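A short worksheet on the structure shown next.
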Protein chains: 2
Amino acid sequence: MKRATIRDVAEKAGVSISTVSRVLNNPEAVTEEKGKKVLEVIEELGYSPNALARGLIHKRTKTLGVLVPDVSNIYAAGVLRGMEDAARERGLNLIICNTDLKRERMTEYLHILSEKQVDGIIYTSEPVFPDVYEAFQRLKLPVVLASTHSLEYPLPSVKIHDEQAAYEATQYLIKQGHTEIGMISGPLSDPIAGLPRLQGYMRAILEQNWHYHFEQTVEYGHYRYEDGFEAMERLHRKYPQLTAVFCASDEMALGVISYLAQQGMSVPHDVSVVGFDNTRIAHICLPKLTTVSQPLHDIGYCTVQKMEELLEHGEVKELRTYLPHQLVIRDSVRSLV
Amino acid sequence: MKRATIRDVAEKAGVSISTVSRVLNNPEAVTEEKGKKVLEVIEELGYSPNALARGLIHKRTKTLGVLVPDVSNIYAAGVLRGMEDAARERGLNLIICNTDLKRERMTEYLHILSEKQVDGIIYTSEPVFPDVYEAFQRLKLPVVLASTHSLEYPLPSVKIHDEQAAYEATQYLIKQGHTEIGMISGPLSDPIAGLPRLQGYMRAILEQNWHYHFEQTVEYGHYRYEDGFEAMERLHRKYPQLTAVFCASDEMALGVISYLAQQGMSVPHDVSVVGFDNTRIAHICLPKLTTVSQPLHDIGYCTVQKMEELLEHGEVKELRTYLPHQLVIRDSVRSLV
DNA sequence: CTGAAAGCGCTAACAT
DNA sequence: ATGTTAGCGCTTTCAG
């Protein structure tokens, strides 16, 4: 059996389709009596309006497209959750698209989303490459960036201040009396979570007028557990006197701890470790990780808020929003003072 | 500037709109010359067809709705990723909906998805309550269940065989020489991951003809780290002689390990622990967790495959699919033999 | 091979 | 207050 249309309802209720439309969209403009009758028939037929038809007319679908590198990533999933909460409150829906950092997949998704007439696009975690920006332009779709930003292009964005957060995390280690502080950084080529966090670390160290050769005190990895493990192996070899390590992600921090454990060193007794992100694992593992907390949920939530603002007014008051981060003190740092 | 329509293309190319439509949907039915001309204009205008209009006609949107308790949950996110991969390969998109286990939110989402004319609904992780099933019926939408199933209703589903997996995990502990084996189970009221896993544990124990009082050897929790911690506290009090614990989730297993560590006991030296799910944390934490691996990605992937089958043929060959699980041996179990 | 026209389900003027 | 009608952008007969 086919689903009922507005026409079916109108017929059965003995009114015109516009009356039915009115009880749904503008009930005051209809006699109470007829209104009630129509509502009854709607209930009886299990009628519900076709959003496609509506969207065709209004040119609004109440649907947003979300481009994310990988939903199964715990960080992305947290942000996504915040988006979804904000979206629900506003009657919006989210179509999620895994890009896996593949450019072709991104443009492919962008096309599909455009055809599906989404009201806007949320672009997550990745730098905005010129060809991507161009695609945004061509599609003429509102775009908001989540946990990434762009200094080249005027795109609204929501993230934390990574450089400052890393600065504060390093400063904390310094305040605890550490003077030999290494870092496991993300890739230098990552302008979002790589370079800025490294810069924050360096700023804190440079402030001390210490004699650091950063080539000796910094290693790199792609944020994953295994990367942290391997990077720590390299770092420890070239910088054995370190007493603390600041990591650009929680997973890498756990890799570091794991490597140290394997070498018979314990955290925080022998080496102190600070992570970044405050993902769920940070307070689950042993020792519990001192880490920089990103307000994942808020970032997602605020991104959708911003999108709504953009949709309503055609512009946003604050182009680039930097949400507050927080250093969460747990058990992975030892005080030397 | 508005986006180009098929009419704009037709005019500019000097053909009728039906010709443009043909170029897109049935290129062989058009002269090569005109075809080329039209393609050029399409490119020039940046035209892309409106999926809403198409959907209105075809009554197919190439969009699926996914109901999930919480995307930020690492388990759900893994399954979701598998779904997305399968969906992309088939030109489908996924609208995700967080239910937070709230019935009202579920029915609300179901309505919205129905209005948006999704081709089908994927329902994840939760038991199918009668009112939910009724809602499915009313909406007349194809439904497939992911990592849940229903024995009451004829709904296609994809999950692992939880009872058997738990049985094997417990059996493994027995084979390692353990005779005092406790369990941290999920809630009895959970017919998916709660009761079946407990039953598997009990079956393995009963097979040994041991004198177990399960009231003494089993405690319960809601799968989270904190639950595991607290449940272990209770379990250890009433069953102090245990040498191994089987947990219904990885997070609870880590809670157990954490509690034991706090009590000065070490895993696996003093107590062995087996988890369930093989989420990312299982191989990140110390000691690395021996656990039952669920093929999260496959579950999601297979669910979408099944949905496609249902959409194509109106039925599925195998109503309830049980994907193979696997016990992943790591470092959290000590052999006593 | 191509174009005209009907219509998918709905909303929004425009009449009445 | 209600009904009639013209589209929204597209596909699909049906003629030619």
Side-chain angles (χ1 to χ4, degrees), chain A residues 1-39 41-42 45-63 111-112 114-119 139-140, chain B residues 1-39 41-42 45-63 111-112 114-119 139-140:
Chain A
M1 212 187 66
K2 289 180 55 219
R3 48 196 303 160
T5 73
I6 197 172
R7 193 154 273 116
D8 302 326
V9 176
E11 251 166 55
K12 189 145 191 174
V15 298
S16 77
I17 59 167
S18 16
T19 300
V20 178
S21 177
R22 281 188 196 103
V23 300
L24 256 33
N25 303 306
N26 188 14
E28 311 89 62
V30 149
T31 333
E32 185 162 341
E33 183 196 10
K34 292 208 171 185
K36 232 184 71 193
K37 174 68 180 163
V38 169
L39 252 15
V41 176
I42 286 180
L45 262 41
Y47 166 79
S48 79
N50 184 322
L52 297 186
R54 270 191 177 160
L56 244 197
I57 295 168
H58 288 139
K59 291 162 182 350
R60 247 199 121 181
T61 54
K62 293 268 178 187
T63 305
H111 268 111
I112 297 178
S114 160
E115 292 189 2
K116 294 208 170 170
Q117 314 295 118
V118 296
D119 297 334
L139 297 178
K140 305 177 184 96
Chain B
M1 211 186 70
K2 289 181 56 221
R3 48 196 304 158
T5 73
I6 197 173
R7 194 153 272 118
D8 301 326
V9 177
E11 251 166 56
K12 189 145 191 174
V15 298
S16 75
I17 59 168
S18 8
T19 300
V20 179
S21 176
R22 283 190 194 100
V23 176
L24 258 32
N25 304 305
N26 188 15
E28 310 88 63
V30 149
T31 334
E32 185 160 342
E33 184 196 10
K34 291 208 172 187
K36 232 185 70 193
K37 174 66 182 165
V38 168
L39 252 16
V41 177
I42 286 181
L45 262 41
Y47 167 78
S48 81
N50 184 324
L52 297 185
R54 269 191 176 160
L56 242 195
I57 297 168
H58 288 140
K59 290 162 183 348
R60 240 195 130 185
T61 53
K62 294 270 182 184
T63 306
H111 268 112
I112 297 178
S114 161
E115 292 189 1
K116 295 208 170 169
Q117 313 296 118
V118 296
D119 297 334
L139 297 179
K140 306 179 184 92

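Treat the numbers as computed from the prediction; the structure is a model and nothing was measured. First the proteins, then the strands, lettered A, B, ... as listed; each starts at 1.
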Query raised in the report: What distance separates B:Ser48 OG from B:Ile42 CD1, expressed to the nearest 0.5 Å?
Result: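 One finds 9.5 Å between OG of B:Ser48 and CD1 of B:Ile42.
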Query raised in the report: How many angstroms lie between atom CD of A:Glu32 and atom CG of A:Leu39, to the nearest 0.5 angstrom?
Result: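 A:Glu32 CD to A:Leu39 CG: 11.0 Å, rounded to 0.5 Å.
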Requested in this report: Would you please name every residue forming a side chain to side chain donor-acceptor pair (under 3.5 Å) with A:Arg22, sequence neighbours left out?
Outcome: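 Applying side chain to side chain donor-acceptor pair (under 3.5 Å) to A:Arg22 gives none.
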Any side-chain heavy atom of [X] within less than 4.5 Å of one from [Y]?
X	Y	result
A:Ile17	A:Ser21	no
A:Ser114	A:Lys140	no
B:Asn50	A:Glu115	no
A:Arg3	B:Lys59	no
B:Thr31	B:Lys34	yes
A:Val38	A:Tyr47	no

Query raised in the report: chain B on DNA chain D: first and last contacting nucleotide, 5' to 3', under 4.0 Å to a heavy atom?
Result: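 Here the contact window of chain B covers D:dG9 to D:dT13.
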Query raised in the report: Where along residues 28-37 of chain A does a heavy atom come under 4.0 Å from DNA chain C, residue by residue in number order?
Result: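 Going residue by residue through residues 28-37 of chain A, none turns out to have a heavy atom under 4.0 Å of DNA chain C.
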Report task. Decide yes or no on side-chain contact (heavy atoms from CB on, under 4.5 Å) for B:Asn25 and B:Arg54, but give the supporting numbers first. Result -> CA-CA 11 Å; B:Asn25 304 305; B:Arg54 269 191 176 160; 3.2 Å; yes
Query raised in the report: Which angle, to the nearest 10 degrees, lies between the helix axes at the two ends of the helix from C:dC1-D:dG16 to C:dT16-D:dA1, each defined by five pairs?
Result: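 The end axes of the helix from C:dC1-D:dG16 to C:dT16-D:dA1 are about 50° apart, to the nearest 10°.
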List, one per line, each side-chain donor-acceptor pair under 3.5 Å for residues 6-16 of chain A, sequence neighbours excluded.
{"unit_1": "A:Asp8", "atom_1": "OD2", "unit_2": "A:Thr5", "atom_2": "N", "d": "2.8"}
{"unit_1": "A:Lys12", "atom_1": "NZ", "unit_2": "A:Glu44", "atom_2": "OE2", "d": "3.1"}
{"unit_1": "A:Ser16", "atom_1": "OG", "unit_2": "A:Ser18", "atom_2": "N", "d": "3.4"}
{"unit_1": "A:Ser16", "atom_1": "OG", "unit_2": "A:Ser18", "atom_2": "OG", "d": "3.1"}
{"unit_1": "A:Ser16", "atom_1": "OG", "unit_2": "A:Thr19", "atom_2": "N", "d": "3.4"}
{"unit_1": "A:Ser16", "atom_1": "OG", "unit_2": "A:Thr19", "atom_2": "OG1", "d": "3.4"}

Query raised in the report: Do we see a donor-acceptor contact under 3.5 Å between the side chains of B:Lys116 and B:Thr61?
Result: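 No, no side-chain donor-acceptor pair sits under 3.5 Å.
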Query raised in the report: What one-letter contact string describes nucleotides 10-16 of chain C from 5' to 3', where B marks a base within less than 4.0 Å of any protein heavy atom, S marks contact via sugar-phosphate atoms alone, and - marks no contact?
Result: BBBB---
Query - Euclidean distance, atom CG of residue B:Asn26 to atom P of C:dT2 [Å, nearest integer] - result: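 Checked: the CG to P distance equals 12 Å.
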